[in-house]
2 protein chains.
Amino acid sequence: MIQGVATRFERIKARPAYELVAEEIEGKILAGILRPGDPIGTESELVKQFGVNRSTVREGIRLLEQSGLVARESSRRLSVAVPHYHGLATRMSRALVLQQVTFRELFHTSRALGPGSIDQAIDNRTDEDLEALDANLARTREMRHDARAVAELDAEFHRLLDGATHNRVLLLAKEPVNILVRPTTAHIIANNPSGIPRLIEAHGHLVDALRTRDREKGRLWIDRHLRDWKAGFEISGRDLDSAVEAIIGDGRGEA
Amino acid sequence: MIQGVATRFERIKARPAYELVAEEIEGKILAGILRPGDPIGTESELVKQFGVNRSTVREGIRLLEQSGLVARESSRRLSVAVPHYHGLATRMSRALVLQQVTFRELFHTSRALGPGSIDQAIDNRTDEDLEALDANLARTREMRHDARAVAELDAEFHRLLDGATHNRVLLLAKEPVNILVRPTTAHIIANNPSGIPRLIEAHGHLVDALRTRDREKGRLWIDRHLRDWKAGFEISGRDLDSAVEAIIGDGRGEA
DNA sequence: ATCTGTCCGATTGTCAGACGATTGCCGCAT
DNA sequence: ATGCGGCAATCGTCTGACAATCGGACAGAT
């Protein structure tokens, strides 16, 4: 009953037309024939070119739209876009949440990424990065009594830190992780505000390490910072092997 | 004319109905009300529930389909799916290619990820992982004169190595990187087959490190392996700051 | 009893055509 | 040149329809 015969046939896949439409356009983009910023035709033009109905074209466009390859510029016309990290990373993180990944996995991943990315940041940081980090640090100190604000500033701090690597691949690798880390951190800070001074201290030393390009110091403090993070999680009374929940925004609704 | 008054209004965003449809369903999934495997209703049911036209429902479904949250099972009915790494990672990698990221960025990211992930693999590897790695190693030795085959086996080796971490977050973080690494590696191996013995040697030591759970050794050989990789790239005569190209499959067409 | 061929309802993929709401642009008045 | 009104283009949505396909039921053949 289940495949015992000699000749095997390939699976026949009748691709619907809307997929073909999407694929066609996608191909042109990936091949570089259509470059970011280039306008895709209007829907009616596509209708004429592909010889299918507008509904079909539209469904195809939805596919591309979601993958970020095309977007409407100035709210009307479609054009080729460069998929932006955040939207994609958001979707990846969602996948993780649905798979009920554990805090343990998240922690070990952060740990694995820590030293390498702080090294990169130390090597590649610019003065502007330092400025931004300093500003963030200052504001964090100001707001140290507001756990909610600190959580947000912490998230921004790490975003800036990652940005200082000026490595887009690394950034992309970290983004989905960060999206999961953020809400967890917020929770930890809210539950244990007494950790805030340590957090600020760590941030301070990290900025210092970047300023003086001191790898040793950078690694040391990143490590401490992560340990504190884990400790905070444990203090908040949760199990390392419990699934991370995440408040994941939609990824569509930003400016 | 532009916001000067006391009362601030929130930006009014007239989201198209098809987005709202997608969002609604997505919300139910992310909230756990709809679990993977659950059937989404038929289109007509959704039409009745949402009170919009079928075309609109369909456009919404396309969005979800692309993000991987729903899929057609048995080629017909739609049901909730768990987005799988590969499709998402493929899209992310595409984004990177379109942004013309450089080999340098890719290399430094691999370097940053290396030690942490080998540590994880050493800690979490199972006997099955070792078996699979051994088998891969054996086949690589067999095929050592076929550069193309070695490239493929190398890709599999690293996939197995990553899998041995049993850390889904780490896996997800690495996947988009790996997708970019793979074609580059294939190119390097093809251009410089004399590096194959070193590659095999490194793989052997890495498996060894996993077997004996020897972190020191693991880190050492991962580092060498990566250096060789970079060296191979330079020998092939390309500039570290040239953009990586990638042969990126479609991400839709797998079984 | 198992297999094959056929039929039917349900559902999807695709199409034709239409309408209101925005948006961009162009010409006109200032 | 600048600002404004008006027009055409385009999008979002809807109505209604039809063919192809799938799932399953049912009857006939081996």
Side-chain angles (χ1 to χ4, degrees), chain A residues 1-5 9-26 34 37-66 68-81 250 252-253 255, chain B residues 1-2 9 11-26 34 37-81 252-253 255:
Chain A
M1 204 123 176
I2 316 175
Q3 315 282 16
V5 222
F9 291 98
E10 284 197 10
R11 178 151 191 75
I12 287 181
K13 38 176 181 183
R15 317 281 293 285
Y18 62 84
E19 271 194 12
L20 297 176
V21 166
E23 210 165 292
E24 199 65 26
I25 297 173
E26 185 177 300
L34 287 172
D38 286 0
I40 314 278
T42 77
E43 293 180 359
S44 346
E45 274 169 13
L46 294 175
V47 165
K48 270 183 284 184
Q49 290 184 43
F50 289 118
V52 296
N53 191 276
R54 193 156 77 100
S55 310
T56 307
V57 167
R58 293 192 114 238
E59 289 187 41
I61 288 176
R62 293 303 150 251
L63 252 22
L64 294 172
E65 183 183 307
Q66 181 70 352
L69 281 177
V70 310
R72 321 191 213 342
E73 71 180 11
S74 81
S75 86
R76 205 68 175 187
R77 281 193 166 61
L78 285 170
S79 61
V80 180
D250 166 69
R252 263 194 282 274
Chain B
M1 206 156 232
I2 317 174
F9 292 98
R11 174 146 192 77
I12 288 183
K13 38 181 176 181
R15 319 275 294 281
Y18 62 85
E19 273 194 11
L20 296 176
V21 166
E23 208 166 295
E24 199 64 27
I25 297 173
E26 186 176 298
L34 287 171
D38 286 0
I40 314 280
T42 77
E43 294 179 0
S44 341
E45 274 169 12
L46 295 176
V47 164
K48 270 184 285 185
Q49 290 183 44
F50 289 118
V52 297
N53 189 274
R54 194 157 76 96
S55 311
T56 307
V57 167
R58 294 191 114 238
E59 288 188 40
I61 288 176
R62 294 302 152 250
L63 291 177
L64 294 172
E65 186 181 305
Q66 180 70 355
S67 71
L69 280 177
V70 311
R72 328 192 210 347
E73 72 180 11
S74 82
S75 85
R76 207 65 176 190
R77 283 194 165 57
L78 285 169
S79 61
V80 180
R252 262 195 282 275

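All chains are named by letter (A, B, ...) in the order of the sequence lines, taking the proteins before the strands, and each is independently numbered beginning at 1.
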When the distance from [atom1] of [X] to [atom2] of [N] is rounded to whole Å, what number comes out?
X       : N      : atom1 : atom2 : answer
A:Glu19 : C:dT14 : CD    : C1'   : 14 Å
B:Leu20 : D:dT13 : CG    : C1'   : 13 Å
B:Arg58 : C:dG13 : CZ    : C1'   : 5 Å
A:Glu59 : C:dT12 : CD    : P     : 12 Å
B:Arg15 : D:dC11 : CZ    : C1'   : 17 Å
A:Ile61 : D:dT13 : CD1   : P     : 14 Å

Tell me, please, which residues at least two apart from [X] pass side chain to side chain contact (heavy atoms under 4.5 Å, CB included).
X       : value
A:Pro16 : A:Tyr18, A:Glu19, B:Arg72
B:Val21 : B:Ile25, B:Phe50, B:Val52
A:Gln49 : A:Glu45

Handout entry: Listed partners of B:Ser79 passing side chain to side chain donor-acceptor pair (under 3.5 Å), at least two apart
Key = B:Glu73

Exercise for the section: Could I get the full list of side chain to side chain donor-acceptor pair (under 3.5 Å) partners for B:Asn53, not counting sequence neighbours? Expected result: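 Side chain to side chain donor-acceptor pair (under 3.5 Å) check on B:Asn53 returns B:Ser55.
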
Practice task
Verify the contact: side-chain N or O of B:Asn53 to OP1 or OP2 of D:dT15, cut-off strictly under 4.0 Å; return yes or no.
Solution key: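 So the side-chain polar atoms of B:Asn53 do come within 4.0 Å of the phosphate oxygens OP1 or OP2 of D:dT15, strictly under.
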
Handout entry: Phosphate-side-chain proximity, B:Arg72 and D:dC22, N/O vs OP1/OP2 below 4.0 Å
Key =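 Checking B:Arg72 against D:dC22: no side-chain N or O falls below 4.0 Å of OP1 or OP2.
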
Exercise for the section: Between A:Ser55 and B:Leu78, just flag the one whose closest nucleotide in DNA chain C comes earlier from the 5' side. Expected result: B:Leu78

Handout entry: Residue closer to the 5' end of DNA chain C, A:Tyr18 versus A:Arg54 (nearest nucleotide)
Key = A:Tyr18

Practice task
Answer yes when A:Glu23 and A:Arg15 have at least one side-chain N-carboxylate O distance shorter than 4.0 Å, and no when they do not.
Solution key: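 Here A:Glu23 pairs with A:Arg15 in a salt bridge, since their nearest N and O are under 4.0 Å apart.
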
Practice task
Scan residues 39-49 of chain B against DNA chain C and write down, sorted by residue number, each residue with any heavy atom closer than 4.0 Å; if none is found, say none.
Solution key: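 Per residue number, the list reads B:Thr42, B:Glu43.
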
